[in-house]
Amino acid sequence: MAPLATPPPRNGLLVIQPLRRRHCAECHAGPLQMVVLEEGAPRCLDCVDLGHLVFLPRGDTALTRRSREESGLSAVVVRFNRRRGRYERQGVLVEEPGLTRAEQRCLADAEARRRRRVRDARRRAREDVRFAEAFAAEIRRLFPGCPADRAGDIAAHASVRGSGRVGRSAAGRALGEGAVISAVVASVRHMDTPYDQLLMSGVPRHEARRRIAAAVETTLRAWRAEVSEAG
């Protein structure tokens with residue numbers, strides 16, 4: 001049986017959801033959904049005196065925190081993510097009476113927390129609008145020939161919260177020139193050239209970018225030019 005990878009040390013009890021079939025080294029029960037490593041060997045929850053605990057999946061931060069507060073005994077449950085090469089938290093094991101008390105506490109202030117979430121969502125929405133406006137203004141400063149509505153579209157796309165796009169990077173949030181230019185270039189590449197069609201036809205990305213580089217630069221050069229006064 002291949003050995004279990006050992007997660008990094010941490011304070012408190014740690015339980016692992018194994019990726020392979022595991023049996024308890026003490027009572028030989030299994031296959032086990034959760035194990036505890038003792039001296040490098042997997043043991044079932046009953047053998048390590050954790051069998052009476054109930055599993056609370058991650059997702060509700062308030063309930064998790066309160067369940068641990070209400071439980072005299074608890075453990076963090078992790079599972080190894082092969083793609084990311086690290087252990088990731090899956091939830092906690094807590095005492096059932098503690099979970100019940102935590103659920104009652106959460107129900108008691110559920111409306112207050114709902115209102116707080118609504119207020120936070122509105123605040124974030126206002127912040128996102130202000131940021132997108134600032135991003136669009138920076139686009140117009142660097143590319144005065146870029147139409148205002150196009151600058152707004154580029155800024156809105158690049159700055160979507162949680163998207164991982166350039167506008168949400170550290171440089172993007174600081175309105176760094178490189179980040180703003182990258183957002184504009186990406187928009188021109190997809191909207192004003194046959195780049196997407198090339199990719200769909202099987203052309204490798206680097207080759208597709210090479211083919212449309214001149215068209216991108218032509219648009220950027222035109223947008224960099226100052227807009228002439230009307231009349």
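Note that this is a predicted model, so its numbers are computed, not measured.
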Search all heavy atoms of R189 against all heavy atoms of V216 and return the closest pair with its distance. CA-CG2, 4.2 Å
M34 vs F55, side-chain contact (heavy atoms from CB on, under 4.5 Å): CA-CA, chis, key distance, verdict: CA-CA 10 Å; M34 299 184 191; F55 179 58; 3.6 Å; yes
With no hydrogens and no angle check, is any side-chain donor or acceptor of D109 less than 3.5 Å from a backbone partner on A112? no
Nearest heavy atoms of G51 and D46, plus distance in Å: CA-OD1, 3.2 Å
I would like to know whether L142 and R224 meet side-chain contact (heavy atoms from CB on, under 4.5 Å); could you show each step before the answer? CA-CA 7 Å; L142 295 172; R224 286 190 181 101; over 6 Å; no
So how far is it from R65 CZ to D60 CG, rounded to the nearest 0.5 Å? 10.0 Å
Are the side chains of L73 and V94 in touch, meaning some heavy atoms are under 4.5 Å apart? no
Establish whether L220 and M191 are linked, either directly or via other cluster members, by ILVMFWY side-chain heavy-atom contacts under 4.5 Å. no
Can you confirm whether L99 sits close enough to V54 that some side-chain heavy atom of one is under 4.5 Å from a side-chain heavy atom of the other? yes
dist L93:CG -> L14:CG (nearest 0.5 Å) comes out at 10.5 Å
Can you measure from CG (L56) to CD (Q90) and round to the nearest 0.5 angstrom? 12.5 Å
For E177, is the CD atom crowded, meaning more than 12 foreign heavy atoms sit under 6.0 Å from it? no
Nearest-0.5 Å distance, CZ of residue R209 to CG of residue L199: 9.0 Å
Measure the spacing between CD1 of I154 and CZ of F143 and express it to the nearest 0.5 Å. 8.5 Å
Taking it one step at a time, do L13 and V15 satisfy side-chain contact (heavy atoms from CB on, under 4.5 Å)? CA-CA 7 Å; L13 299 175; V15 174; 5.7 Å; no
Spacing of CG belonging to L45 relative to CG belonging to L32, to within rounding of 0.5 Å: 8.0 Å
At their closest point, which heavy atom of C44 faces which heavy atom of C27, and how far apart are they? SG-SG, 3.7 Å
Between R123 and D120 (salt bridge meaning N to carboxylate O under 4.0 Å), is one present in this structure? yes
Check the pair R221, W223 against side-chain contact (heavy atoms from CB on, under 4.5 Å), reporting the backbone distance first and the verdict last. CA-CA 5 Å; R221 190 180 303 115; W223 284 1; over 6 Å; no
Minimum heavy-atom distance between Q17 and R79, given as atom pair plus value: OE1-NH1, 2.9 Å
Side-chain ion pair, E138 and R141, N-O less than 4.0 Å: yes
Might you point out which heavy atoms bring P57 and T64 nearest each other, and give the distance in Å? O-OG1, 4.4 Å
Quick check against the 3.5 Å criterion: does S74 have a side-chain atom that pairs as donor or acceptor with the backbone of S71? no
Nearest heavy-atom neighbours spanning A158 and A183: CB-CB, 3.9 Å
Check whether any side-chain N or O of R22 sits under 3.5 Å from a backbone N or O of V35 as a donor-acceptor pair, and report yes or no. no
Check this for me: does any side-chain nitrogen of one of E111 and R116 sit under 4.0 Å from a carboxylate oxygen of the other? no
Give a yes or no answer on whether the side chain of E95 reaches the backbone of G72 with a donor-acceptor pair at less than 3.5 Å. yes
Step by step, work out the side-chain hydrogen bond (donor to acceptor under 3.5 Å, both in side chains) result for R150 and S187. CA-CA 9 Å; R150 181 66 180 277; S187 177; 3.0 Å; yes
Kindly work out whether a path of hydrophobic side-chain contacts (I/L/V/M/F/W/Y, heavy atoms less than 4.5 Å apart) joins V129 to F135. no
If the threshold is 4.0 Å, N to carboxylate O, is there a salt bridge linking E127 and R124? no
Taking NZ, NE, NH1 and NH2 as the nitrogens, is one of them in R66 or E103 under 4.0 Å from a carboxylate oxygen of the other? no
Determine whether V48 and E38 make a side-chain contact, defined as any pair of heavy atoms from C-beta on separated by less than 4.5 Å. yes
Counting neighbours of CD on Q33 that are heavy atoms of other residues, nucleotides or ligands and sit closer than 6.0 Å, is the number greater than 12? no
Return yes if some donor-acceptor pair links the side-chain N/O of R140 with the main-chain N/O of C146 below 3.5 Å, else return no. yes
Checking side-chain polar atoms at under 3.5 Å, does S67 have a donor or acceptor matched by the opposite partner on R101? no
